[in-house]
Amino acid sequence: MDGWRGRPRGTITRSLEVCVADQETQQPIEQLIANRREKLKTLRDLGVDPYPRRFRVSEAVSVLRERLERIPADELAEKPPKVRMAGRIQAIRGHGKVAFADLTDGVKKLQVYVRRDRLNEAAWQLFKLLDLGDFIGVEGEVFRTRTGELSVAADQLALLAKGLRPMPEKYHGLADREARARQRYLDLLANPESRAEFEARSRLVSGIRRFLEGRGFLEVETPMMHPIPGGASARPFVTHHNTMDMDLYLRIAPELYLKRLIVGGFERVFELNRNFRNEGVSTRHNPEFTMLEFYWAYADYELLMDLTEEMVCHLAESVVGSLTLPWGETTIELARPWKRLSLKDAVLEYSDLSPEDLGERSRLEKAAEHFGIDRIAERSDGKLLAELFEATAESHLMQPTFITGFPRVISPLAKSTEDDPETVERFELYMGGMEIANAYTELNDPVEQRRRFEEQARATGGVIDEDFLLALEYGMPPTGGEGIGIDRLVMLMTNRSSIRDVILFPLLRPRPAE
RNA sequence: GGGCCGUUAGCUCAGUGGUAGAGCAUCUGACUUUUAAUCAGGUGGUCGCUGGUUCGAUCCCAGCACGGCUCACCA
């Protein structure tokens with residue numbers, strides 16, 4: 001992949017012309033690369049292997065730095081420690097027969113001090129052929145410079161890997177959002193805050209595992225390729241198995257498989273992995289995204305709300321170090337307990353609609369029309385209510401809020417409440433104006449589940465997962481189940497407004513071929 | 001998919017209807033404790049692509065590509 005966009009698309013003839021021109025005038029990036037290739041050749045001529053196999057280090061640069069910083073200056077001067085370290089050259093400051101270079105392991109940097117009279121001639125020649133971005137190994141003594149900078153005075157220098165392309169600018173870093181996503185390695189190198197955000201993501205994910213394992217949950221892996229897509233209503237990606245001559249769907253949710261495991265006697269399971277939905281791309285949607293789903297036998301959605309509060313607070317404490325999250329212009333307070341609000345009450349709170357407007361069909365349709373909701377006629381009352389919620393309340397729900405009171409018709413896998421068969425025991429968690437979690441007391445009545453599937457199939461089409469119904473017929477204990485969108489949780493914890501900023505390699509259109 | 005905005009040197013950014021500038025990087029030279037090192041000098045651009053208007057377009061217009069924001073889609 002060539003990041004250079006200036007080269008014209010053209011015929012072979014034209015390309016040849018460009019090549020010929022290169023040799024005389026040289027295109028800019030190619031000139032920079034040519035400079036480095038020339039140095040590479042010179043190094044080889046000097047007998048240097050520019051890509052050696054190994055270099056034993058005493059410690060990583062950042063570990064070394066942390067340890068050495070604690071040694072008092074006089075002790076350092078008296079008994080200079082000998083070290084071997086390796087890293088990427090971030091900066092070179094030449095001073096004639098002396099030079100300084102910043103060496104980094106990506107976390108911290110440590111200065112290398114090079115003196116001509118301290119090195120042999122070959123090492124000095126090597127140093128002069130180094131570029132920003134090259135990997136080197138250094139052996140030397142630690143000291144502090146006149147200005148107090150911790151440094152390693154090099155006795156030995158080794159080239160570990162020569163870079164052929166210039167690094168992004170050291171001061172401003174890499175700002176172009178497209179380049180940052182396409183060449184994430186450059187983003188990570190040039191923008192420390194980006195690196196920190198992905199480290200935060202990693203801590204969050206491992207924190208979830210520890211939290212759930214600590215409560216007796218077992219991590220499992222269920223199929224990514226489903227013969228029947230289920231567990232959600234999104235459009236799936238389709239693929240094909242050749243020798244079985246069978247269409248398969250990349251999973252839109254693991255739900256139906258995880259519940260089979262509850263049937264099978266695993267009472268607490270979770271899966272933390274990718275889902276794929278063939279829908280639009282936006283700042284809150286990537287076609288593949290990471291979802292935590294967990295199922296807990298003998299629990300219900302009330303217990304899940306408690307667990308969710310506990311888990312998210314715990315994660316914020318360990319990832320951010322606070323229960324107050326900066327979020328754009330505002331802040332999110334995670335202190336418990338969190339607000340609970342029914343779907344209807346949320347609509348009423350964030351609109352001028354009255355309870356009567358949400359009652360009979362004609363009033364509901366009128367309200368939906370007022371908020372610009374389309375395909376009104378074909379949508380159920382419940383769906384219209386959910387649409388109204390999205391149109392009025394969702395974007396305002398900054399503070400953590402459990403939305404409850406979901407209609408049965410849009411919740412085919414959730415169990416009804418005791419006093420109202422049209423409402424289910426379900427909640428969605430909203431924070432920062434986004435849906436973060438979706439949970440319910442699972443429907444475990446196989447006859448009722450079949451009826452719901454049939455109701456759904458009539459309304460929206462689709463195939464009934466008979467294999468899942470078969471499992472339910474063997475008996476599933478009362479169970480609470482929940483899904484949490486990990487990417488969005490990371491967005492909240494790192495204060496990023498775009499999901500692309502928290503996914504290392506988000507889906508992008510390929511650059512057009514040259 | 002719709003609307004709005006953007007695309008200028010490797011990177012970060014200025015700028016103009018008469019074919020372009022800065023800082024960093026790069027190259028040359030000076031410099032034995034610097035750290036956005038400094039000083040002196042130099043190289044580097046079909047201003048995203050294609051077409052139109054114009055005597056003349058990087059600039060105005062249209063289409064296209066890619067991206068950003070937003071709306072739609074998305075239990």
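Lettering follows sequence order; numbering is per chain, from 1.
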Just to confirm, is there a sub-4.0 Å distance from OP1 or OP2 of B/rU26 to any side-chain nitrogen or oxygen of A/Arg36?
-> no

Sidechain N-carboxylate O distance under 4.0 Å for A/Lys97, A/Asp117 | no

Atom pair distance, as rounded to whole Å: CD in A/Glu169 and C1' in B/rA9 = 13 Å

Distance, C1' atom - from B/rG42 to B/rC61, rounded to whole angstrom | 40 Å

Could you give the distance separating B/rC39 and B/rG45 at their P atoms, to the nearest angstrom?
-> 26 Å

Please report the shortest heavy-atom distance between A/Arg180 and A/Ser194, naming the atom on each side.
-> NH2-CB, 4.0 Å

A/Arg116 CZ to B/rC31 P, in whole Å, measures 11 Å

Expressed in whole Å, how much space separates the P atoms belonging to B/rC47 and B/rU58?
-> 6 Å

Taking for each residue the nucleotide of RNA chain B with the nearest heavy atom, is it A/Ala232 or A/Lys39 whose nucleotide lies nearer the 5' end?
-> A/Lys39

C1' atom, B/rC59 versus B/rG52: distance in rounded Å?
-> 15 Å

Interatomic distance, A/Leu174 CG vs B/rA25 C1' [rounded to whole Å] | 14 Å

Shortest side-chain distance from A/Arg509, nucleotide among B/rC66, B/rC31, B/rU43 | B/rC66

Using the C1' atoms only, state how far B/rA36 lies from B/rG51, rounded to an integer number of Å.
-> 45 Å

Taking the side chain of A/Pro166 as its heavy atoms from C-beta onward, which of B/rU32, B/rA25, B/rU34 lies nearest to it?
-> B/rA25

Using Watson-Crick pairs (N1 to N3, plus N6-O4 or O6-N4) and G-U wobble pairs, both distances under 3.5 Å, which stems of at least 3 pairs involve RNA chain B?
-> B:1-7 with B:65-71, B:10-13 with B:21-24, B:26-30 with B:38-42, B:48-52 with B:60-64

Salt bridge check: are A/Glu365 and A/Arg361 linked by an N-O gap of less than 4.0 Å?
-> yes

Taking atom C1' in both B/rG6 and B/rG48, compute the distance separating them and give it to the nearest angstrom.
-> 11 Å

So what does A/Gly372 touch, heavy atoms closer than 4.0 Å: a base, only the sugar-phosphate, or nothing?
-> nothing

Where along nucleotides 68-74 of chain B does protein come under 4.0 Å, by heavy atom, of base (B) or sugar-phosphate alone (S), with - for untouched nucleotides?
-> SSS-SBB

What is the nucleic acid contact for A/Ile410, judged by heavy atoms within less than 4.0 Å: base, sugar-phosphate only, or nothing?
-> base

Donor-acceptor pair under 3.5 Å: do we get one between A/Asp176's side chain and the base of B/rU12?
-> no

Donor-acceptor under 3.5 Å (A/Asp176 side chain, A/Ala179 main chain) | yes

Reckon A/Phe406 touches a base, only the sugar-phosphate, or nothing at all at heavy-atom distances under 4.0 Å?
-> nothing

For the residue pair A/Tyr257 and A/His226, does the interplanar ring angle fall in the parallel (under 30°), tilted (30 to 60°) or perpendicular (over 60°) class?
-> tilted

When rounded to whole Å, the CD to C1' distance for the pair A/Glu30 and B/rA9 reads 13 Å

NA contact type, A/Phe143, heavy-atom cut-off 4.0 Å: base, sugar-phosphate, or nothing?
-> base

Could I get a table of every N or O pair under 3.5 Å where one atom is in the protein and the other is in nucleotides 39-41 of chain B?
none

Give a yes or no answer on whether the side chain of A/Asn444 reaches the backbone of A/Met476 with a donor-acceptor pair at less than 3.5 Å.
-> yes

Within the structure, does a side-chain N or O atom of A/Lys170 lie under 4.0 Å from either OP1 or OP2 of B/rC11?
-> no

Answer yes when A/Glu369 and A/Lys366 have at least one side-chain N-carboxylate O distance shorter than 4.0 Å, and no when they do not.
-> no

Salt bridge flag under 4.0 Å for residues A/Arg260 and A/Glu255 = no

Answer yes or no: side-chain N or O of A/Thr147 and base N or O of B/rU33 forming a donor-acceptor pair under 3.5 Å.
-> no

Any salt bridge between A/Lys415 and A/Glu442, counting N to O under 4.0 Å?
-> no

Atom CH2 of A/Trp124 and atom P of B/rC31 are separated, to the nearest Å, by 11 Å

How is A/Glu435 classified with respect to the nucleic acid when contacts are heavy atoms under 4.0 Å: base, sugar-phosphate, or nothing?
-> nothing

Are the side chain of A/Thr42 and the backbone of A/Leu40 linked by a donor-acceptor contact shorter than 3.5 Å?
-> no

Sugar-phosphate, base or nothing in reach of A/Asp102, heavy atoms under 4.0 Å = nothing

A/Lys109 near the nucleic acid: base, sugar-phosphate alone, or nothing, with a heavy-atom cut-off under 4.0 Å?
-> nothing

Does A/Glu69 come within less than 4.0 Å of A/Arg65, counting only side-chain N to carboxylate O?
-> yes

Closest nucleotide among B/rC24, B/rC66, B/rU34 to the A/Arg182 side chain | B/rC66

Specify the separation, in whole Å, of atom CE of A/Met167 and atom P of B/rU12.
-> 14 Å

Describe, in one word, how the ring planes of A/His396 and A/Tyr350 are oriented to each other, choosing from parallel (under 30°), tilted (30 to 60°) and perpendicular (over 60°).
-> parallel

Could a donor-acceptor pair under 3.5 angstrom be found where the side chain of A/Gln31 meets the base of B/rG10?
-> no

Looking across every strand, which nucleic acid part, if any, lies under 4.0 Å from A/Gly94 by heavy atom: base, sugar-phosphate, or nothing?
-> base

A/Arg88 bridged to A/Asp105 by N-O distance under 4.0 Å | no

Considering only B/rC11, B/rU35, B/rU26, which nucleotide approaches the side chain of A/Arg93 most closely?
-> B/rU35

Test side-chain contact (heavy atoms from CB on, under 4.5 Å) applied to A/Glu428 and A/Leu397, A/Asn438, A/Thr401, the passing residue = A/Asn438

Taking the side chain of A/Ala175 as heavy atoms from C-beta outward, which of B/rU33, B/rC13, B/rU43 is closest to it?
-> B/rC13

Choose from B/rU26, B/rU33, B/rA36 the nucleotide whose nearest atom is closest to any side-chain atom of A/Tyr171.
-> B/rA36

Among B/rG45, B/rC27, B/rU34, the nucleotide that comes nearest once only the side chain of A/His95 is considered = B/rU34

Could you measure between the two C1' atoms, the one in B/rG29 and the one in B/rC60, and give it in whole Å?
-> 47 Å

Could you tell me whether a side-chain N or O of A/Asp134 sits under 3.5 Å from a main-chain N or O of A/Lys162, the two making a donor and an acceptor?
-> no

Under 4.0 angstrom, heavy atoms only, what part of the nucleic acid is A/Ile33 near: base, sugar-phosphate, or nothing?
-> nothing

C1' spacing across the pair B/rA57 / B/rA40, given as an integer number of angstrom = 38 Å

Whether over 12 other heavy atoms sit under 6.0 Å from A/Glu121 CD | yes

A/Leu150 CG - B/rU35 C1' separation (whole Å) | 13 Å

Could you state the atom-to-atom distance from CG of A/Asp187 to C1' of B/rG67 in whole Å?
-> 15 Å

NA contact type, A/Gln456, heavy-atom cut-off 4.0 Å: base, sugar-phosphate, or nothing?
-> base

